[in-house]
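Remember, it's 1-based here, ligands and their atoms both numbered in the order they're listed. Along the sequence shown, residues are numbered consecutively beginning with 1.
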Amino acid sequence: MFLNIITNPNPVLRQVAKELKKEEIKSEKIQNLIRQMIPSMYLKDGVGLAAPQVGESLRIFIIAKEYTEKKEKDIILINPKWKRISPFTEWDNEGCLSVSDIYGSVRRYKKVRVTGLDENGQEVDIKASGFFARIIQHESDHLDGVLFIDKAKNLHTVYRE
Ligand code: ZN
């Protein structure tokens with residue numbers, strides 16, 4: 001089943017999402033949500049998707065495997081916390097499934113480390129650089145009610161045919 005992706009403006013996109021308890025992760029509700037977020041992201045050609053974007057104000061996001069370091073599996077992160085591991089930043093273009101047709105340049109840290117839990121409640125500790133690190137920062141912002149348009153410069157509209 002595909003989940004509906006909500007678009008700006010919507011109050012859910014502006015809420016600080018709720019942390020999950022370890023026991024909650026194994027619940028059918030959360031397992032189903034994660035199971036449905038993955039195809040919903042791919043259907044829209046997304047590189048990542050955060051739970052608030054499907055109307056659930058919970059601290060969960062996923063990243064498509066193609067954009068991860070190992071490209072082996074889609075990454076599911078619950079209660080993620082990231083830190084920069086290098087002071088360097090870079091500007092690059094971003095878009096968002098919840099902000100239709102708008103793109104802009106956002107400054108992000110080049111290298112980050114993110115910790116959290118996976119869909120089984122196991123600890124995850126990942127180092128990321130470049131575009132992978134950018135997605136982690138973009139998706140983490142969603143969990144705090146922040147959209148890339150809040151930080152972007154040179155916002156512009158690109159209509160798809
Ligand atoms: Zn987004």
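With a cut-off of 2.8 Å, the protein N/O/S atoms near the Zn ion (ligand 1) add up to 3.
Electrostatic pairing of R134 and E94 counts as a salt bridge here, judged by a charged N lying under 4.0 Å from a carboxylate O. With salt bridges taken as basic N to acidic carboxylate O contacts below 4.0 Å, one links R113 and D125.
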Stepwise side-chain contact (heavy atoms from CB on, under 4.5 Å) check, V146 with Q137: CA-CA 11 Å; V146 174; Q137 293 165 79; over 6 Å; no
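Remark: V124 engages L77, D118, I126 in a side chain to side chain contact (heavy atoms under 4.5 Å, CB included) (not counting sequence neighbours).
V47 is not connected to Y103 by any chain of hydrophobic side-chain contacts under 4.5 Å among Ile, Leu, Val, Met, Phe, Trp and Tyr, and they are in different clusters.
A donor-acceptor pair under 3.5 Å is formed between the side chain of H156 and the backbone N or O of N154.
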